[in-house]
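Chain identifiers are assigned alphabetically (A, B, ...) following the order of the sequence lines, protein sequences preceding nucleic acid strands; residue numbering begins at 1 within each chain.
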Amino acid sequence: MIDAALLDWYDRHARVLPWRTGPAARKRGERPDPYRVWLSEVMLQQTTVATVTPRYARFLELFPTVEALAAAPVEDVLAEWAGLGYYARARNLHKCAQVVAGEHGGVFPQTEEGLLALPGIGAYTAAAIAAIAFDEPAVVMDGNIERVMARLFAVETPLPDAKPVLRDHAASLTPDKRPGDYAQALMDLGATICTPRNPACALCPLREKCIAQKNAIQADLPRKKKKAAKPTRFGTAFHITRKGDGAVLLVRRPDKGLLGGMLAFPATEWGERADAEPPIKAAWLKADEPVRHTFTHFHLEMDVWMVTVSDAAARKAQKALQGEWHPDPAMAGLPTVFRKVLDVTNRDK
DNA sequence: AAAACGGGGGG
DNA sequence: CCCCCAGTTTT
């Protein structure tokens with residue numbers, strides 16, 4: 001009966017989100033566009049609805065179909081992804097579009113298994129697309145649903161060990177009817193009622209069925225193993241302006257590793273200390289404050305060195321660094337840490 | 001099984 | 001400051 005109570009709640013309280021088709025369209029038997037469902041799901045991986053909403057609209061305007069996305073240069077896709085993080089998502093998104101457009105005639109596979117075989121689509125995303133776009137009763141498991149299941153069934157085993165048990169519970173509840181709405185209802189519930197802290201149990205449509213709530217332990221679930229502390233790394237970024245036209249030198253980072261494939265300012269490796277060996281001899285000016293930024297597994301403190309050079313020195317620098325000149329780096333699609341570098345140079349000039 | 005991989009918002 | 005977010009891929 002969980003699914004009935006939940007769907008009833010969803011019909012009354014569903015969030016209006018740009019990648020969702022409204023209840024009216026569903027009544028007419030329309031299915032959502034798989035391309036849009038896929039795009040939204042990839043964008044939403046480890047990324048909040050608030051962050052995704054404006055970016056989803058922009059992306060869709062630029063790349064309205066899977067064919068358009070497949071035909072675009074990957075650099076354009078990465079530039080559009082700038083600031084969203086986890087840039088492998090953008091490279092895989094582009095790769096996936098090319099597979100779908102080139103090998104599947106532009107049509108997404110309709111089964112969980114077929115979707116899972118595509119780049120950038122893992123267990124969660126395959127299940128979500130199958131359920132939402134193709135009405136398949138797939139077991140959708142994300143962070144929200146894990147939390148809801150942990151509370152509903154009072155699972156006290158810490159994550160990630162609890163994952164198989166939580167999945168079994170979720171599978172036992174997944175309905176054959178409206179599986180896409182059911183999955184989205186569970187995620188909405190996790191996002192708005194069954195929140196990580198201070199869950200609003202008084203408003204919860206599943207309150208009567210929640211064992212954790214009955215035992216007053218819901219705020220302590222799900223338990224999690226705690227994670228390692230982040231070390232701090234140091235480095236230096238170089239902001240080189242070409243005197244003639246004011247263009248700024250940027251480099252393309254290698255596909256593998258942190259910020260893979262993204263444009264960046266030339267910089268040292270990030271390590272134990274900021275050992276600045278400038279790429280060219282020039283009258284460098286050091287910014288007053290370093291850029292501070294936190295990545296998934298370390299903090300970064302990066303000094304910023306600036307210089308404006310003659311066109312001859314500019315050619316030398318470009319050759320040494322294998323860079324490209326950009327008239328306006330603010331428009332180039334820089335990841336956040338290098339956008340911060342840009343902010344520092346604007347402030348100190 | 002564990003680590004790599006971004007960034008922003010909430011408490 | 002720590003935690004969390006519609007996770008996936010690589011090691």
**OP:** Could you tell me whether the side chains of A/H299 and A/E301 share a donor-acceptor contact shorter than 3.5 Å?
**Re:**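 Looking only at side-chain atoms, A/E301 and A/H299 do not form any donor-acceptor pair under 3.5 Å.
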**OP:** Could you tell me whether the side chains of A/R89 and A/T47 share a donor-acceptor contact shorter than 3.5 Å?
**Re:**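 Yes, A/T47 and A/R89 have a side-chain donor paired with an acceptor closer than 3.5 Å.
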**OP:** Round to the nearest Å and state the distance from A/L300 atom CG to B/dG6 atom C1'.
**Re:**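 After rounding, the gap between these two atoms is 13 Å.
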Original post:
Under 4.0 angstrom, heavy atoms only, what part of the nucleic acid is A/L17 near: base, sugar-phosphate, or nothing?
Top reply: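 A/L17: base contact, heavy atoms under 4.0 Å.
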Subject >> same_hphob_cluster(A/L221, A/L186) at 4.5 Å side-chain heavy-atom cutoff >> reply: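 The answer is no; the residues belong to distinct hydrophobic clusters.
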Original post:
Does the side chain of A/T336 get closer than 4.0 angstrom to OP1 or OP2 of B/dG6 through an N or O atom?
Top reply: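 So the side-chain polar atoms of A/T336 never come under 4.0 Å of the phosphate oxygens OP1 or OP2 of B/dG6.
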Original post:
A/S40 near the nucleic acid: base, sugar-phosphate alone, or nothing, with a heavy-atom cut-off under 4.0 Å?
Top reply: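 Result for A/S40 = nothing.
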Original post:
Does A/D188 reach the main-chain N or O of A/R15 with its side chain, forming a donor-acceptor pair under 3.5 Å?
Top reply: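 Answer holds: yes.
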**OP:** Find the distance A/K340:NZ to B/dG7:P and express it as a whole number of Å.
**Re:**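 Whole-Å distance recorded here is 8 Å.
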Original post:
Base, sugar-phosphate, or nothing: which does A/I145 touch, judged by heavy atoms less than 4.0 Å apart?
Top reply: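 Since no nucleic acid heavy atom lies under 4.0 Å of A/I145, the category is nothing.
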Original post:
Just checking A/G260: base, sugar-phosphate only, or nothing, at a heavy-atom cut-off of under 4.0 Å?
Top reply: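 Contact class for A/G260: none.
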Subject >> Nearest-Å distance once atom P is located in both C/dC4 and B/dC5 >> reply: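 Each nucleotide's P atom is 22 Å from the other's.
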**OP:** Indicate whether the side chain of A/H293 and that of A/K340 have a donor and an acceptor atom separated by less than 3.5 Å.
**Re:**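 A donor-acceptor contact under 3.5 Å links the two side chains.
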Original post:
Base, sugar-phosphate, or nothing: which does A/Y86 touch, judged by heavy atoms less than 4.0 Å apart?
Top reply: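 Result for A/Y86 = base.
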Original post:
Start at the 5' end of DNA chain C and walk down; is the nucleotide closest to A/Q45 or to A/R197 reached first?
Top reply: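 Here A/R197 is the residue nearer the 5' end.
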Original post:
Contact class for A/R339 vs. all strands (heavy atom < 4.0 Å): base, sugar-phosphate, or nothing?
Top reply: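 It contacts nothing in the nucleic acid.
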Original post:
Going 5' to 3' along DNA chain C, which nucleotides are the first and last within contact of chain A (any atom under 4.0 Å from a heavy atom)?
Top reply: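 The contacted stretch runs from C/dC4 to C/dT9.
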Original post:
Rounded to whole angstroms, how far apart are CZ on A/R91 and P on B/dG6?
Top reply: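 It is 8 Å, rounded to the nearest whole Å.
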**OP:** Answer with base, sugar-phosphate or nothing: what part of the nucleic acid does A/G190 contact at a heavy-atom distance below 4.0 Å?
**Re:**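 It contacts nothing in the nucleic acid.
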**OP:** Would you tell me if any nitrogen or oxygen in the side chain of A/Y87 comes within less than 4.0 Å of OP1 or OP2 on B/dG7?
**Re:**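 Looking at the OP1 and OP2 atoms of B/dG7, one of them is under 4.0 Å from a side-chain N or O of A/Y87.
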Subject >> Distance, rounded to the nearest Å, where A/L84 contributes CG and B/dG9 contributes P >> reply: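 From A/L84 CG to B/dG9 P: 12 Å.
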Subject >> B/dC5 phosphate, OP1 or OP2, under 4.0 Å from A/H297 side-chain N/O >> reply: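 Yes, within the criterion.
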**OP:** Determine the Euclidean distance between corresponding C1' atoms of B/dG11 and C/dA6; express it in Å to zero decimal places.
**Re:**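 To the nearest whole Å, 22 Å.
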Subject >> Value in whole Å for how far the C1' atom of B/dG6 lies from CG of A/L44 >> reply: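 Whole-Å distance recorded here is 15 Å.
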Original post:
Expressed in angstrom and rounded to an integer, what is the separation of A/K227 atom NZ from B/dA1 atom P?
Top reply: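 In whole Å, B/dA1 P lies 18 Å from A/K227 NZ.
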Original post:
What is the nucleic acid contact for A/N198, judged by heavy atoms within less than 4.0 Å: base, sugar-phosphate only, or nothing?
Top reply: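 No contact at all - A/N198 keeps every heavy atom at 4.0 Å or more from the nucleic acid.
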**OP:** Under 4.0 Å between any heavy atoms, over every strand shown, what does A/R15 touch: base, sugar-phosphate, or nothing? Just pick one.
**Re:**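 A/R15: base contact, heavy atoms under 4.0 Å.
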**OP:** Tell which nucleotide pairs with B/dG6, taking only Watson-Crick or G-U wobble pairs whose two distances are both under 3.5 angstrom.
**Re:**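 Base-paired to nothing in any strand shown.
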Original post:
So what does A/W19 touch, heavy atoms closer than 4.0 Å: a base, only the sugar-phosphate, or nothing?
Top reply: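 Base contact.
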Original post:
What nucleic acid atoms does A/P160 come within less than 4.0 Å of, heavy atoms only: base, sugar-phosphate, or nothing?
Top reply: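 Nothing, no nucleic acid heavy atom in range.
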Subject >> Euclidean distance, atom CZ of residue A/F338 to atom C1' of B/dG6 [Å, nearest integer] >> reply: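 My rounded result for the distance is 13 Å.
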Ignoring hydrogens and angles, write down the donor-acceptor pairs under 3.5 Å from the side chains of residues 121-146 of chain A, residues two or more places apart or on other chains.
{"from": "A/Y124", "atom 1": "OH", "to": "A/E41", "atom 2": "OE1", "distance (Å)": "2.6"}
{"from": "A/T125", "atom 1": "OG1", "to": "A/Q45", "atom 2": "NE2", "distance (Å)": "2.9"}
{"from": "A/D142", "atom 1": "OD1", "to": "A/N144", "atom 2": "N", "distance (Å)": "3.3"}
{"from": "A/D142", "atom 1": "OD1", "to": "A/I145", "atom 2": "N", "distance (Å)": "2.8"}
{"from": "A/D142", "atom 1": "OD2", "to": "A/N144", "atom 2": "N", "distance (Å)": "3.4"}
{"from": "A/D142", "atom 1": "OD2", "to": "A/N144", "atom 2": "ND2", "distance (Å)": "3.1"}
{"from": "A/N144", "atom 1": "OD1", "to": "A/R147", "atom 2": "NH2", "distance (Å)": "2.8"}
{"from": "A/E146", "atom 1": "OE2", "to": "A/K163", "atom 2": "NZ", "distance (Å)": "2.8"}

Original post:
Any chain of hydrophobic side-chain contacts (each under 4.5 Å) joining A/L84 to A/L69?
Top reply: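 Looking at the clustering, A/L69 is in the same group as A/L84.
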Subject >> 5' precedence on DNA chain C between A/G120 and A/T48 (nearest-nucleotide basis) >> reply: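 Residue closer to the 5' terminus by nearest nucleotide: A/T48.
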Original post:
Would you call A/D8-A/R12 a salt bridge at under 4.0 Å N-O?
Top reply: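 Yes, this pair counts.
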Subject >> A/H299 NE2 - B/dG6 P separation (whole Å) >> reply: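 A/H299 atom NE2 is separated from B/dG6 atom P by 16 Å.
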**OP:** Return the orientation label for the A/F108 and A/Y35 ring planes: parallel under 30°, perpendicular over 60°, tilted otherwise.
**Re:**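 Ring orientation, 0 to 90° scale: tilted.
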**OP:** For A/A50, report the nucleic acid contact type (base, sugar-phosphate, nothing); a contact means any heavy atom under 4.0 Å.
**Re:**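 Result for A/A50 = nothing.
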Subject >> Pair of N/O donor and acceptor under 3.5 Å linking B/dG6 base with A/T47 side chain >> reply: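 Flag set: donor-acceptor pair detected.
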